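Below: one structure, written as structure tokens.
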Amino acid sequence: MLLTPCGRRLLPLVLLCYRQCQAPAPKVLFLLAHKWTLKQSVKRIKRSVPQETLYRSVPFDMEAVEMTSFKRPHSEDDVANVDEIKRQKISEESKTGSKSEQSIDIVTEQPGKPLLEDKKDDIILNEEGEEEDNELEESDEEGDPESFADMMKHGLIELDVGITKFVSSHKGFSGILKERYSDFVVHEIGKDGCISHLDDFSVPVDDEVIEDTKEKRTIIHHAVKSLFPGLETKTEDRDGKKYIVAYHAAGKKALAKVRTATDPRKHSWPKSRGSYCHFVLYKENKDTMDAINVLSKFLRVKPNIFSYMGTKDKRAITVQEIAVLRITAQRLAHLNKCLMNFKLGNFSYKNHPLKLGELQGNHFTVVLRNITGTDDQVQQAMHSLREIGFINYYGMQRFGTTAVPTYQVGRAILQNNWNEVMDLILKPRPGAEKGYLVKCREEWAKTKDPAAALKKLPVKRCVEGQLLRGLSKYGLKNIVSAFGIIPRNNRLMYIHSYQSYIWNNMVSKRIEEYGLKAVSGDLVLKGGTAVHIEEADVDDYTIHDIVMPLPGFDVIYPKHKIGDAYKEMLAADNLDISNMRHKIRDYSLSGAYRKIIIRPQNVRWEVVAYDDPRIPLFNTDLDKLEGKPPPILATEGKFKALKMEFSLPPSTYATMAIREVLKMDTSIKKQTQLNTIWLR
């Protein structure tokens, strides 16, 4: 068969698919023989081969496969796969081996089978017991997609959501935020004040299995067979150690029957061991819920047995504590062999799960690249951040990235305007989206038939799919029930976004009207209760004491012009500030209070020079575990970067602290424009 030039360039990849991944090589060769672009061919190969298996198995340098159609050569997203593949060159044995003196290891094998199970087995049940697709797939649309910059021309900017003021007097300067996702690292601060780090891959061993005796191994053999009737076991000598090998003798169907009939975790847990395995999760470029879903899929358990203290950014490297009910550290540690973008470690057993909000905050390490400020300007900016702080705005992540902001949906919910809610979520919108969403929206606009629109979605777990499924079930005259199919947290996200939109606008107005000093009528917290500042007590408070309310039925408002401004803004949206209760209890807003100025803690910074925008400027936890030397920084380079560290309390946005330093718009739209201009 004659191959196109792109086919010849990818021939080694095709042969690899056939040899190691059992991919349909003839089909892949057929794809490459067509006059399609290299990027399109790669996408089709990826859909034919489990991605984790493909990249984990690649024995040659993927840098040789040149992605010529990518438009941003210096962005980390373009080289992320190369970085990830290089990570796989680390010896799996050295990464998952126990640092303790454990002498017995259990290795699960399935001879003749790839590590990833067949896709047909990877389904989950929603709350109503219906099957759903487990992963998003790429669009089948052909042709060159819009560039990210073109897509974001329809996105929000800070002005759109009330972010307009600064508190410092220094001169701003330019810098690129998150040019590489590894330029933004988040470490969780636990309720004990300790910063979470991934620094230990060892697996804790129960006291009763430390000694290796034949009697102990016999107990383990019997335990495995009784708990998993589909498994056979044997003892093998490997490199001077004895291993108990469990292998699938009965096939997946028999194992599936056992798994549905009983939950082995309930019967195999030693009484001396805490019921929850706590571990530190290191993840790259994934949000917390996506990570939990991946872990639960590979462990074949429900996501709700995991608990955590807070959600973390997607486009970042984050380190946080997770707890899971009755899953052994050994099973969790095994995932380090087969998952990309994740590492699990620092295992311990405890008797309690984790709860949302229990954390003290987060510690951030951020690199701003290609800064234009002088050393003096940088010093002034960072001193101001440490001494004065920044306006505690809700960041742009709170409001979504599409042409329909989440706060607009929240406003329609509070107005009880359910046709508007439905329309905002499902109507066609400007800007680039995945092809299947575009087709779904077009079908909805044309037919208003939820079943027909749903057929255009290969993935049903997105908000659009869930709403369409609800409309198919309950009909267009019962949108409230249809909307209720969407998970509660997702539904509440919309009204919380509206609260945040109001808060941002009101805080900007407060600072414009009264500046950075406490005034009579402002609100402060005393023992958790909000009270007004009286004229005689004004000198007892500073701007750092002032709080502002998120609108709701259980808050009070400032006794000055800003209190009236709240009423006016809500009235303009046909909402009554004195009646924030909703017919549906879930959507009744009680409100809350939020400090208007935050001073970061543990603020440190340095200016570094560099020549190559693709190299990291500091080591991550994983780099340190792998023994990588710190990056060698140039004494003089073509570019300058500002590396900063600081700690923030929960529900505070690091991007807003960075905004105060740069005095620049941090929206994706503006940052993308900056990136694009720099790379021309």
Side-chain angles (χ1 to χ4, degrees), residues 161-163 165 189 191 309-311 355-362 389-400 405-407 409-411 413-415 488-511 518 521-533 541 543-560 562-571 573 575-582 584-599 648-657:
V161 294
I163 302 174
K165 301 297 180 184
I189 304 174
K191 56 184 178 181
M309 294 184 287
T311 57
K355 295 181 181 178
L356 278 172
E358 280 186 331
L359 71 166
Q360 276 196 19
N362 295 288
F390 62 97
I391 304 173
N392 194 18
Y393 285 123
Y394 287 95
M396 298 302 296
Q397 308 96 299
R398 190 78 163 183
F399 307 102
T406 51
Y407 72 82
V409 180
R411 177 169 54 203
I413 293 170
L414 295 173
Q415 292 170 338
R488 184 174 184 272
N489 284 347
N490 289 15
R491 287 180 277 127
L492 295 184
M493 171 195 71
Y494 291 118
I495 57 176
H496 291 160
S497 176
Y498 179 74
Q499 284 180 301
S500 304
Y501 171 74
I502 297 293
W503 195 91
N504 279 0
N505 279 277
M506 292 298 98
V507 166
S508 293
K509 198 167 187 66
R510 159 65 180 77
I511 291 174
D522 274 334
L523 292 169
V524 294
L525 293 178
K526 286 188 176 180
T529 302
V531 297
H532 293 102
I533 298 178
Y541 300 99
I543 192 66
H544 296 97
D545 300 310
I546 309 304
V547 298
M548 296 270 285
L550 290 152
F553 61 77
D554 198 24
V555 294
I556 60 174
Y557 296 87
K559 283 185 178 178
H560 47 50
I562 306 307
D564 295 331
Y566 270 96
K567 295 178 184 177
E568 292 166 5
M569 189 168 187
L570 289 169
D573 288 337
L575 296 172
D576 182 358
I577 197 170
S578 61
N579 183 21
M580 295 300 290
R581 295 188 184 274
H582 197 279
I584 302 169
R585 186 176 179 180
D586 267 359
Y587 311 136
S588 288
L589 296 177
S590 60
Y593 300 97
R594 181 177 176 89
K595 281 198 169 185
I596 68 174
I597 302 290
I598 291 291
R599 265 190 298 217
L648 295 176
S651 301
T652 305
Y653 289 78
T655 50
M656 294 296 100

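Since the model is a prediction, treat every value here as computed from it, not as a measurement.
- Considering all non-hydrogen atoms of both residues, H544 and K595 come closest at O-NZ, 3.4 Å.
- Side-chain atoms of Y394 do not come within 3.5 Å of backbone N or O of Q499 as any donor-acceptor pair.
- Taking the side chain as every heavy atom from C-beta outward, I598 and P649 approach each other to under 4.5 Å.
- Not one N or O on the side chain of D554 forms a donor-acceptor pair closer than 3.5 Å with the backbone of G591.
- Between the side chain of Q360 and the backbone N or O of K191 there is at least one donor-acceptor pair closer than 3.5 Å.
- A distance-only check finds a donor-acceptor pair linking the side chain of Q415 to the backbone of D573 [under 3.5 Å].
- Proximity of the aromatic rings of Y557 and Y566 is defined here by a centroid distance below 6.0 angstrom, and this criterion is met.
- Side-chain contact between M548 and M506: present, with at least one pair of heavy atoms (C-beta onward) separated by less than 4.5 Å.
- In this structure a side-chain-to-backbone donor-acceptor pair under 3.5 Å is missing from T406 to Y494.
- With D522 as the partner, the side-chain hydrogen bond (donor to acceptor under 3.5 Å, both in side chains) test is satisfied by one option alone out of K559, R510, H532: R510.
- Counting heavy atoms from C-beta outward, I533 and I546 have side chains that approach closer than 4.5 Å.
- Side-chain contact between M569 and Y501: present, with at least one pair of heavy atoms (C-beta onward) separated by less than 4.5 Å.
- Between the side chains of Y393 and S500, no donor-acceptor pair of N or O atoms lies under 3.5 Å.
- A 4.5 Å side-chain heavy-atom check between I391 and I597 finds at least one atom pair inside the cut-off.
- Summarising the geometry of V547 relative to I596, their closest heavy-atom pair is C-CG2, 4.3 Å, with the distance given to 0.1 Å.
- Side-chain contact between P549 and R594: absent, with no pair of heavy atoms (C-beta onward) separated by less than 4.5 Å.
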| request: Check the pair N392, T652 against side chain to side chain contact (heavy atoms under 4.5 Å, CB included), reporting the backbone distance first and the verdict last. | output: CA-CA 7 Å; N392 194 18; T652 305; 3.4 Å; yes
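- With a 4.5 Å cut-off on side-chain heavy atoms, L414 and L589 count as touching.
- Looking at R398, its side chain never comes within 3.5 Å of a backbone N or O of Y498 through a donor-acceptor pair.
- Within the 3.5 Å criterion, the main-chain N or O of V524 finds no donor-acceptor partner in the side chain of D545.
- For the pair S590 and V555, the tightest heavy-atom approach, listed with the atom from each and the gap, is O-CG1, 3.7 Å.
- Atom CG of L550 sits about 9.5 Å away from atom CG of N504, to the nearest 0.5 Å.
- The distance from the CE atom of M656 to the CG atom of L648 is 11.5 Å, given to the nearest 0.5 Å.
- With hydrogens and angles disregarded, no donor-acceptor distance shorter than 3.5 Å links the side chain of S508 to the backbone of I163.
- I584 CD1 to I413 CD1: the interatomic distance, rounded to the nearest 0.5 Å, is 9.0 Å.
- Cation-pi check for R581 over F553 is met; the charged atom lies under 6.0 angstrom from the ring centroid and within 45 degrees of its normal.
- Side-chain atoms of Y587 and R491 form a donor-acceptor pair, as typed in the model, at a separation below 3.5 Å.
- From L359, atom CG reaches atom OG of S651 across 8.0 Å, with rounding to the nearest 0.5 Å.
- Using modelled atom types, no side-chain atom of T655 and backbone atom of Y653 make a donor-acceptor pair closer than 3.5 Å.
- Ionic pairing of D576 and K567 is not present here: no N-O contact between side-chain nitrogen and carboxylate oxygen is shorter than 4.0 angstrom.
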| query | Could you go step by step and tell me if I502 and L570 meet the side chain to side chain contact (heavy atoms under 4.5 Å, CB included) rule? | reply | CA-CA 8 Å; I502 297 293; L570 289 169; 4.3 Å; yes
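- L523 CG to T529 OG1: the interatomic distance, rounded to the nearest 0.5 Å, is 12.0 Å.
- Y593 places a side-chain N or O within donor-acceptor distance of the main-chain N or O of I556, the cut-off being under 3.5 Å.
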